[in-house]
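These notes concern the structure reproduced below.
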Amino acid sequence: MESKTDVLLGLQWGDEGKGKIVDVLAPAYDIVARFQGGPNAGHTIEVGDKKFVLHTIPSGIFNKDTINVIGNGVLIDPFVFSKELDALASSGVDVSKNVLISRKAHLILPTHRLLDAVYEKAKGKEKIGSTLKGIGPAYTDKTARKGLRIGDIILSDFNHRYQKIRQQHIKIALLYNADLENITIEGIPFEAYEKTWLEKLKILQQFEKTDSEYFLNKALKKGKRILAEGAQGTMLDIDFGAYPFVTSSSTTSAGVCSGLGIPPAKVGKVFGIFKAYCTRVGSGPFPTELFDNTGEELRKKGHEFGATTGRPRRCGWLDLPALKYAIMLNGVTELKMMKADVLSGFPEVKVATGYKINGKLTERVPFNPDRTDIDVVYKTFEGWNDKLEEITVFDELPDPLKNYIYFIETETGIPIKLVSVGPNRKETIVR
Ligand code: GDP
Ligand code: IMO
Ligand code: MG
């Protein structure tokens, strides 16, 4: 019987714990497929006492029977990709047989990273807080129809095309007065970085290439189970996030269709994943951000430091209007709540239920959520002190946490089917 593609994606500003849950769900799927983003993503998976951070490789990689597809909507940087391979290989994880790469996925060139840095610097105080992985410039070239794709690497004129676009990028960088002599990428002088990048490009050649649209649609016809893995989060979506403080791809379930070549009618369940509070890394509006000790405490207890850049994440209470917005945009059918354990020990826990703008209450995410006349309206919940990490059954969770969960379910109308109480696989409560 034909099957459908389930989707797991972030409902907030990224880092919700997508990697952990894809790894937990992987045994139930034949294929895990990334559909957008690139090495700006950092998906953490704890296997036993080992911790891995994946940037490009789908999080199904630790389940040996799962095929992992890097779809056409993804950006690949051979430099970052080869570092991921090395980290996996050093732990004995062989990716040579179960990773397929779309020929249509675009490459992040060294000069894309150069431009990312140049553009951010030029923005001054208005900087986006990009991860500087070249995402914006690479997607720009994709839509400008001059990017280079994985399938281009083997073409006889690849080098010519590479040099042509490289020259264009250098010209732009010079317009911005970039100091090309002294610019570094990952701490490496540009020219040396580029040399390594070109060497790592060869590694990509060893991987099986696919036309993911044919591969995945054929798999669905055969009844194979596919899970699409999102990167970033809904509030960073190019269209629906607080533009321009967004990433450059469609992070919502709409991105699954264009990023993998799967028609809308073949999308099945949509798992929306959210933290029991909120975090954001980089600049941009964050209405429930806490600037006090509570925010600091959340950061400390939740180890809220970026998996890709190490930057401290901004922390705040759960934003229900934003969560409802994300559920609406994605057509979420099931919720998964992460990091409930981090909220243990707070005397009270708050949830934003609305915004007051000019004295008028609204539940709509405003066009400009950074406006200074927004007052966030909160509902306060009794806290709990219990250690949750050892709990495996929903009924054993402390009552105040259950009340918190029931409230979110009632407000959103969507069931919370999974509660995560620690970073490890086994710290997962399925209802
Ligand atoms: P992703 O980008 O959505 O995959 O999330 P990240 O890996 O960037 O960030 C999530 C962080 O929270 C990682 O360090 C995870 O190991 C950790 N984590 C995931 N689930 C839980 C949880 O339920 N409790 C705690 N304390 N940490 C968690
Ligand atoms: P995962 O998949 C959190 C943020 C950056 C910046 C903005 C634009 O791990 O959840 P970009 O590099 O895309 O130009 O940055 O988006 N950002 C993320 N924040 N998690 C991510 O990915 C992110 N990817 C990008 O911090 O504010
Ligand atoms: Mg992350």
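As the structure lists them, so they are numbered: ligands from 1, and atoms in each ligand from 1.
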Atoms of ligand 2 under 4.0 Å from any heavy atom of Gly282, numbered from 1 in the order shown, are 27 (O)
Between Trp197 and Tyr162, how do the two ring planes meet: parallel, tilted or perpendicular, split at 30° and 60°? parallel
Checking heavy-atom distances from atom 8 (C) of ligand 2 to each of Asn40, Val246, Leu236, Thr131, the winner is Val246
Can you tell me the protein heavy atom closest to atom 13 (O) of ligand 2 and the distance? Thr247 OG1, 2.6 Å
Near the Mg ion (ligand 3), which protein N/O/S atoms fall under 2.8 Å? Asp15 OD1, Gly42 O
Which atoms from ligand 2 have a heavy atom of Arg311 less than 4.0 Å away? 5 (C), 26 (O)
Side-chain donor-acceptor pair present, Lys275, Thr279, cut-off under 3.5 Å: yes
Could you find the nearest protein heavy atom to atom 23 (C) of ligand 2 and give me its residue, atom name and distance? Gln232 CG, 3.6 Å
Heavy-atom distances under 4.0 Å are what count here, so tell me which part of Lys133 touches ligand 2: side chain, backbone, both or neither. neither
Please write down residue, atom name and distance for the protein heavy atom closest to atom 5 (C) of ligand 2. Gly129 O, 3.5 Å
Ligand 2 versus Phe245, non-hydrogen atoms closer than 4.0 Å: side chain, backbone, both, neither? neither
Going by atom types alone, do Glu304 and Tyr277 pair a side-chain donor with an acceptor below 3.5 Å? yes
If the criterion is any heavy atom closer than 4.0 Å to an atom of ligand 1, which residues make the list? Asp15, Glu16, Gly17, Lys18, Gly19, Lys20, Gly42, His43, Thr44, Ala307, Arg313, Met338, Lys339, Asp341, Val342, Ser420, Val421, Gly422, Pro423
Quick one: which ligand 2 atoms are inside 4.0 Å of a heavy atom on Lys18? 1 (P), 2 (O), 10 (O)
Would Asn385 and Ser344 count as having a side-chain donor-acceptor pair, cut-off 3.5 Å? no
I want to confirm something. Looking only at heavy atoms, which of Pro244, Gly134, Gly38, Ser130 is nearest to atom 15 (O) of ligand 2? Ser130
